[in-house]
Amino acid sequence: MFKTIEWKNNSVVMIDQRLLPTEEIYRTLLPTEEIYRTYKDFLDVAEAIREMVVRGAPAIGVAAAMGVALGALQINAKERKGFAKEFEKVCKIMASTRPTAVNLFWAIERMKRVLKQNPKSGADELKQLLVQEAKNIHKQDIEINKRMGRHGSKLIKNKATILTHCNAGALATAGYGTALGVIRAAVEDGKKIKVFADETRPFLQGSRLTAWELMKDGIDTTLITDNMAGYMMKKGLIDVVIVGADRIAANGDTANKIGTYSVAVLAKEHKIPFYVAAPISTIDLKIKNGEKIPIEERDIREVTHIKDIPVAPGGIKVRNPAFDVTPNKFITAIITEKGVSRKSFEKSLKRLYSLTWPSP
Ligand code: MRU
């Protein structure tokens, strides 16, 4: 299994997801091509998050934690006060990278807590504690996904065909995945599962990443363009939809990759269960409903070009919201590592949130 992100010799190593899958194919022809990047400067990690070298809510959280740890190692101040001041600046830069996935802010808060919980520690000790915390966040994310997978697998019948949108897999997390984690767990439970992967315009996470990682696992996967989902549902070819999430409001409204909302509406029309799989760290109880979730607008070049090839006339007006919000009425259940949340989401999400596993 490939590694998405790793802390190695005081640097952050990440697979460059912008290059998948084509560069991996070329690499076998050109052995010098490298798809892993090593970061020694926290500013470069911030840029890597912005530019989507790493993407997917939990993976962004892990990258932010490791970026903050790297930033801490770069601080020269020897006494605590000076260190804390510089550390705040590092956290602020990391928090400015992408606005929608709440895991980014959750991870930064966890890193900040290390300082609060160790009021007597000096700069050198804090640096070690922060590196350790980033490693913990990474390790726990894999455990969380496996737990989520176990809960989710129970909802999946043998021989089910599952539609997924975007990439909520090992590449979007520290490993195993959320929505794809549920699929992996169902396969591990001996169920015969087929997957339909939405291409996911404009960044093509479905065709480039989901198709790539499911094929690596030998899971029966069919790629469709986003506008084919309704046709497949009408034909009776989809039994279940499972997607990930970037932020879940207190009432269960869920922000996920643009196009998720359309899939959810289609699923309801065709009476197909629509599941969201996400860790507790993706739930933002401070946000009452989906209206309040900030939606990132990205460079219009993602829409007007595929790689460097123009697919639209120059000068055309373009919008590129990277996420949309699926209202809770379209969601059958939310699968977390602490159990499955059903309506009313407000009550059950709050209950799951307050359970103490894993202790953060
Ligand atoms: O813009 P991206 O690629 O970071 O968006 C990713 C998604 O929307 C995923 O579905 C979501 O983060 C869940 S990942 C486990």
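Every number for a ligand or one of its atoms is a count from 1 in the order of the listing. Every heavy atom of this structure was used, including side-chain atoms; hydrogens, water molecules and symmetry mates were not. Here, residue 1 is the first one in the sequence, and each next residue gets the next number.
Taking 4.0 Å as the cut-off, Asn167 counts as a neighbour of ligand 1 on heavy-atom distance. Under a 4.0 Å heavy-atom criterion, Pro58 is in contact with ligand 1. Residue contact annotation: Met52 has a non-hydrogen atom under 4.0 Å from ligand 1. By the 4.0 Å heavy-atom criterion, Phe203 is excluded from the residues contacting ligand 1. Taking a 4.0 Å cut-off on heavy atoms, His165 fails to register as neighbouring ligand 1. In this structure, Ala245 counts as a contact residue of ligand 1, since one of its heavy atoms falls inside 4.0 Å of the ligand.
Nearest heavy-atom pair, Ile331 versus Ile334, reported as atom, atom and distance to 0.1 Å: CG2-CG1, 3.9 Å. Residues Met52 and Arg298 approach most closely at SD-CZ, 3.1 Å, considering heavy atoms. Taking all atoms of both residues into account, the shortest heavy-atom contact from Ile272 to Ile238 is CD1-O, 3.5 Å. Across Ala245 and Ala57, no two heavy atoms sit closer than the pair O-CB, 3.6 Å. Residues Ile193 and Lys157 approach most closely at CD1-O, 3.9 Å, considering heavy atoms.
At a 3.5 angstrom cut-off on N or O pairs, Gly244 does not count as close to ligand 1. When only interatomic distances are considered, the shortest N/O to N/O separation between Thr178 and ligand 1 does not fall below 3.5 Å. Any N or O atom pair closer than 3.5 Å counts here, and Gln205 shares at least one such pair with ligand 1. Note: no N/O pair closer than 3.5 Å links Phe323 and ligand 1 by distance alone.
Contact atoms of ligand 1 toward Ala172: 14 (S), 15 (C) (distance under 4.0 Å to a heavy atom of the residue). Near Ala57, meaning under 4.0 Å from one of its heavy atoms, ligand 1 places the atoms 12 (O), 14 (S). Atom numbering of ligand 1 starts at 1 in the shown order; those under 4.0 Å from a heavy atom of Arg98 are 1 (O), 2 (P), 4 (O). When each atom of ligand 1 is checked for a heavy atom of Ala168 under 4.0 Å away, the hits are 14 (S), 15 (C).
Counting only heavy atoms of the protein, atom 9 (C) of ligand 1 lies nearest to Asn256 OD1, 3.4 Å.
At a heavy-atom distance under 4.0 Å, atoms from both the backbone and the side chain of Lys257 approach ligand 1. Contacts with ligand 1 closer than 4.0 Å are made by side-chain heavy atoms of Cys166 only, the backbone lying farther away.
Ring pair Tyr261/Phe330 is perpendicular by interplanar angle, where above 60° counts as perpendicular and below 30° as parallel.
Here the NZ atom belonging to Lys192 is positioned 13.0 Å from the OG1 atom belonging to Thr161, to the nearest 0.5 angstrom.
For Asp226 (side chain) and Thr200 (main-chain N/O), a donor-acceptor pair under 3.5 Å exists by modelled atom type.
Side-chain atoms of Asn320 and Glu302 include a donor-acceptor pair closer than 3.5 Å.
With Thr282, Leu209, Asp246 as candidates, the residue nearest to atom 7 (C) of ligand 1 on a non-hydrogen basis is Asp246.
The aromatic ring centroids of Trp212 and Phe2 lie less than 6.0 Å from each other.
Alongside Ile316, the hydrophobic cluster contains Ile300, Val303, Val318 (criterion: ILVMFWY side chains under 4.5 Å).
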